[in-house]
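Chain letters run A, B, ... following the sequence lines, proteins first and then strands; every chain starts at 1. What's counted below: heavy atoms across the whole structure, side chains too, no hydrogens, waters or symmetry copies.
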Amino acid sequence: MRALDRKLWRDLWHMRGQAIAIALVVMCGVGTYVMFLSTLGALRVTQDAYYREYRFAEVFATLKRAPESLRARLAALPGVERAETRVVEQVRLDMPDFVEPVTALMVSLADDAPHGLNGLHLREGRLPLPGRPDEVVVSTPFAKAHTLHPGSRFHAILNGRRQALTVVGTALSPEFVQQLRPGSAFPDTKRYGVMWMGRKALGQAYDLDGAFNDLALSLRPGADAQDVIDRVDELITPFGGLGAYARKDQRSHRFLDQELDQLGTLASLFPTMFMGVAAFLLNVVIGRLVTMQREQIATLKAFGYGNAAVMLHYLKLVAVITGAGVLGGTVLGVWLGAALSRIYMEFYYFPWLKFSLEPMTIVEAAGASLIAAGAGTVVAVWRAASLKPAQAMRPEPPARYRETAIEKLGLKRWLSQPTRMILRHIWRRPLKSALTVVGIALACGIILTGLFQRDTVGYMMNVHYGMAQREDLSVAFTDPTAYRARFDLMGLPAVEHVEVFRSVPVRLRHGHLEHRTAIRGIEAGGELQRLLDADLRQVALPADGILLTDHLGKMLGVRAGDRIVVEVMEGNRPLREATVAGLVKEYLGVSAYMELTALNHFMHEGPTISGAWLAVDAAQLHALYGELKGIPRVAGVAERVQEIRNFNRLMDETMLFFTYVSTVFAVIIAFGVVYNSARIALTERGRELASLRVLGFTRGEIGYILLGELGILTLAAIPVGLWLGEGMCYYIAHTMQTELFRVPVVLVPQTYAFAVAVVLVSAALSGLVVRRRLDHLDLVAVLKTPE
Amino acid sequence: MPEQSAPPPLVASSPRPIFEARGLTKIYQMGEVRVEALRGVDLDLVAGELVVLLGPSGSGKSTLLNILGGLDTPTSGTVRYADHDLTVDDDAAMTQYRREHVGFVFQFYNLIPSLTARENVALVTEISQHPMTPEEALALVGLAQRMDHFPSQMSGGEQQRVAIARAVAKRPQVLLCDEPTGALDAQTGVMVLEVIARVNRELGTTTVVITHNAVIAAMADRVVHFGDGHVVRIERNASRKAASELSW
Ligand SMILES: Nc1ncnc2c1ncn2[C@@H]1O[C@H](COP(=O)(O)OP(=O)(O)O)[C@@H](O)[C@H]1O
Ligand SMILES: [Mg+2]
């Protein structure tokens with residue numbers, strides 16, 4: 001069927017503008033899908049391979065101090081494959097040329113078993129030599145932040161003693177794919193790092209020679225992790241064990257997993273939305289394109305082409321357009337996926353990234369596009385082909401127009417004849433008009449979903465750092481400290497105001513639901529740390545009872561007045577009950593709060609604090625840092641400005657990329673829809689308009705008739721689109737709630753304005769194109785040939 | 001002068017007619033409006049003859065032609081081509097019938113605008129059993145020079161000749177022409193009619209030409225006068241005039 005195939009290519013060339021617009025829409029849908037799924041696939045595959053190759057442990061525990069002899073008993077537990085004991089300590093560093101205190105997690109490396117659990121991926125240099133107390137391997141991101149290389153030197157305070165350390169290597173570990181300072185939501189590689197030292201050396205420094213305070217286990221295949229955990233707890237509790245936990249509760253893994261889950265949510269949500277919109281358009285646009293070829297279909301049939309041949313012809317046409325979109329989308333998606341993966345590599349420290357694109361992903365994307373396009377085509381071709389050719393070749397009967405409601409309302413005399421024509425035309429095909437409106441509205445809506453994330457995160461940060469957490473500096477002590485440390489802090493230079501807090505690690509339980517977090521004891525009426533209710537008003541601290549982050553309340557299934565079990569994970573680990581006094585609004589993290597003295601009381605302890613929030617005079621900050629570095633009790637210092645900066649960096653690199661990509665895609669889709677609507681309207685009504693020109697209407701008048709319709713439909717679509725877009729944003733926000741953060745739906749006026757502007761500009765540009773074509777309508781041809 | 005056959009045999013006696021229509025009716029129902037396009041048509045066509053269907057606009061000529069060509073089915077009555085029953089509403093069978101036996105020429109040419117003259121003809125020859133080449137077919141209508149032109153680059157007469165080439169290229173047994181000259185000036189019209197007559201003569205194609213122009217009747221073997229949905233009378237011409245002798 002060569003001639004028919006020629007027709008296909010010529011038709012394609014003839015409608016290339018529309019074909020390209022449709023292909024672009026498909027490309028955007030497929031592109032998002034492939035981008036997300038290839039990124040997700042790559043990260044998951046990499047995570048698996050990394051964990052496996054570097055023997056990431058499956059059960060972890062921290063304790064006070066246990067003799068090494070306990071190891072054999074741990075290793076002998078049923079289900080345990082391998083037990084490794086370690087010394088892990090939080091240390092303070094004094095980095096040259098860096099005034100602020102830096103905290104590091106110092107992890108011991110077995111001196112004799114280089115292929116143990118949680119293996120290091122050495123990037124540079126070598127491991128410390130056994131027994132060398134001055135050699136460390138530092139984590140690669142920290143090394144990068146401080147430009148450390150093998151041979152670099154700095155000082156650390158180990159168990160109160162200042163000691164010179166030499167970097168012998170830089171490395172990554174599956175245990176620290178994410179390196180967040182405890183209590184911080186955003187990475188800060190300059191002020192927090194992980195490093196490794198020989199077991200003997202670190203043990204000696206902390207009087208843990210022949211003893212350990214940290215435990216990592218791997219399990220036999222099929223072992224029940226919870227069973228192992230219970231048995232481990234039994235063994236380590238006498239040694240100040242803080243409760244063993246499974247890999248799923250390991251910090252780095254948990255954060256990574258939540259991030260990947262969230263990416264998974266986005267990966268199902270966004271592409272579905274984009275593909276859905278693209279499919280809708282494809283269906284409508286292709287349907288109308290085919291309908292316009294009704295007469296050619298009848299001619300083909302008159303000469304003996306069967307329905308199947310005709311169907312195949314149009315399916316091929318659509319497959320070419322859609323196929324081009326799928327192909328472009330795949331290439332684009334892979335490219336964007338690689339870029340997105342690289343961004344993730346900035347925050348998740350993998351030694352390498354395995355690219356992974358499941359062929360199924362492309363098959364699904366292609367399948368969805370082709371089915372959507374195919375369905376539109378089949379329905380339209382079927383409608384045209386099932387007519388008797390004799391019928392299909394007759395010009396369509398004159399449309400039955402009616403007076404519109406607006407005219408009936410008596411406004412008729414205010415409306416010009418062209419205006420009445422516009423209204424009647426819209427009215428005559430209400431379904432078609434409605435579909436155009438829905439198409440444009442969807443395009444308008446998805447623009448909101450891209451920008452929404454940026455808006456809402458900005459708002460979240462304002463609430464969190466502007467209204468709730470307002471200190472300049474937070475100081476954490478190495479151990480619970482007597483209350484009078486407050487007065488020492490007040491005496492330091494630059495300090496203007498001090499509020500202290502107590503932080504107790506706990507496991508909260510309600511029925512079978514439980515969660516590990518910390519209870520913060522804070523001072524009533526604090527200015528630096530404030531708890532907010534749902535309306536963002538400051539919540540007064542109850543004298544008694546516990547306040548929970550609203551999301552934590554949801555996770556535990558509790559409301560104000562319920563009683564929960566508090567298992568303290570510190571000291572002699574008492575088990576208590578507490579009453580939930582209320583819920584507080586927090587977008588980041590999940591915590592529990594009590595009034596400071598109430599918490600001390602609850603813990604059966606005297607006035608004790610874990611740290612403090614400071615308001616400081618920025619001009620004297622350097623002096624303050626100098627003083628703080630000299631206080632051994634100070635485990636770490638966090639500056640709020642830095643937190644915000646870290647956050648913004650994270651956002652700039654991840655969210656903005658995402659916002660940018662989805663906005664560009666949404667804009668393309670919006671333009672694709674509007675442009676196609678305009679072009680189809682032109683083709684469908686070209687004859688009628690040319691006849692009007694023959695009757696003496698001016699170009700301006702027929703332009704008004706055609707574009708006026710487009711304009712009215714576009715204007716009608718905008719409010720619908722904004723409404724739909726908000727709905728989609730609520731849906732995204734709803735599905736993205738995690739314990740790390742919850743997003744409220746906040747859309748700033750500029751975002752609405754942008755979405756509206758994109759649609760209007762698309763309409764204006766499409767209008768211009770159509771207008772130019774109207775100027776070249778072939779009037780004579782119209783008179784010579786029938787429809 | 002056409003010779004009046006008395007009494008006019010509505011049904012030809014011999015040889016066995018290739019088309020046989022009996023009691024054909026066609027009713028179009030459009031909302032409340034009911035149009036009786038055919039009100040009981042009996043007609044036989046003999047293989048190889050050239051028949052002109054003459055009648056005023058709206059009298060049902062196209063409807064009849066479409067039924068004969070398998071483009072439409074009657075509301076009641078029977079119609080047969082050789083051993084094909086054309087009353088059955090079977091799309092596949094009708095498609096097959098059209099593909100194997102029928103060539104159409106439409107009043108408005110119905111060329112595929114995105115294909116050249118040659119390709120428009122090839123569209124049909126590619127699916128036929130013993131076609132001419134598109135070049136032969138176009139040469140037959142005197143368009144050998146314009147084979148690679150698109151419909152939009154040709155005059156109405158040229159387009160209609162391409163349409164005829166397309167209709168005859170498969171050497172159909174039946175050629176059905178619905179007002180082939182309706183949109184043409186007299187001179188071009190004559191040229192088109194010449195081609196139709198030649199195909200009928202040289203290929204022995206049973207040919208039906210619809211017109212409301214009585215002058216054209218002179219080139220027919222028989223003239224079927226149509227009015228108000230039925231055959232009013234049938235004339236047989238003693239001799240056929242050459243198309244070139246016609247003028248209007
Ligand atoms: N598909 C159709 N639907 C409704 N009415 C039709 C249709 N086709 C033809 N008619 C009507 O049937 C009558 C006969 O039409 P037609 O056969 O085209 O006449 P002619 O070709 O002699 O001018 C006319 O009144 C016409 O309006
Ligand atoms: Mg007619």
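Within a 6.0 Å radius of NE2 in B:His212, no more than 12 heavy atoms belonging to other residues, nucleotides or ligands are found. For A:Arg773, the CZ atom sits in a loose shell: 12 or fewer heavy atoms of surrounding residues, nucleotides or ligands are nearer than 6.0 Å. Heavy-atom neighbours of B:Gln187 CD from other residues, nucleotides or ligands within 6.0 Å: at or below the threshold of 12. Within 6.0 Å of CD on B:Glu202 lie more than 12 heavy atoms contributed by other residues, nucleotides or ligands.
Both the backbone and the side chain of B:Ala122 have a heavy atom closer than 4.5 Å to some heavy atom of chain A. Looking at B:Phe106, the atoms closer than 4.5 Å to chain A (heavy atoms on both sides) all sit in the side chain, from C-beta outward.
B:Ser114 OG to A:Met15 CE: the interatomic distance, rounded to the nearest 0.5 Å, is 11.5 Å. Separating the OH atom in A:Tyr305 from the CD atom in B:Glu126 is a distance of 5.5 Å, to the nearest 0.5 Å. In this structure, B:Thr95 OG1 and A:Leu300 CG are separated by 11.5 Å, a value rounded to the nearest 0.5 Å. Note that CD1 of B:Ile112 is 14.5 Å distant from CZ of A:Arg6, once rounded to the nearest 0.5 Å.
Using a 4.5 Å cut-off on side-chain heavy atoms (C-beta onward), B:Leu123 and A:Leu4 make contact. A heavy-atom distance below 4.5 Å is found between the side chains of A:Phe303 and B:Arg166. Using a 4.5 Å heavy-atom threshold, the side chains of A:Gln296 and B:Pro113 count as touching.
Taking the charged nitrogens against the carboxylate oxygens, B:Glu119 and A:Lys7 have no contact shorter than 4.0 Å, which rules out a salt bridge.
Between the A:Glu295 side chain and the B:Asn110 main chain, no donor and acceptor come within less than 3.5 Å of each other. Under a 3.5 Å cut-off, the side chain of B:Arg99 and the backbone N or O of A:Gly304 do form a donor-acceptor pair.
The two residues B:Asp91 and A:Lys301 have their closest heavy-atom pair at OD1-NZ, 2.8 Å.
Residues of residues 63-73 of chain B lying under 4.5 angstrom from chain A, judged on non-hydrogen atoms, are B:Asn66, B:Leu71, B:Asp72, B:Thr73 by number.
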Residue pair B:Asp89, A:Lys388: steps toward the side-chain contact (heavy atoms from CB on, under 4.5 Å) verdict: CA-CA 10 Å; B:Asp89 198 356; A:Lys388 291 270 157 41; 3.3 Å; yes
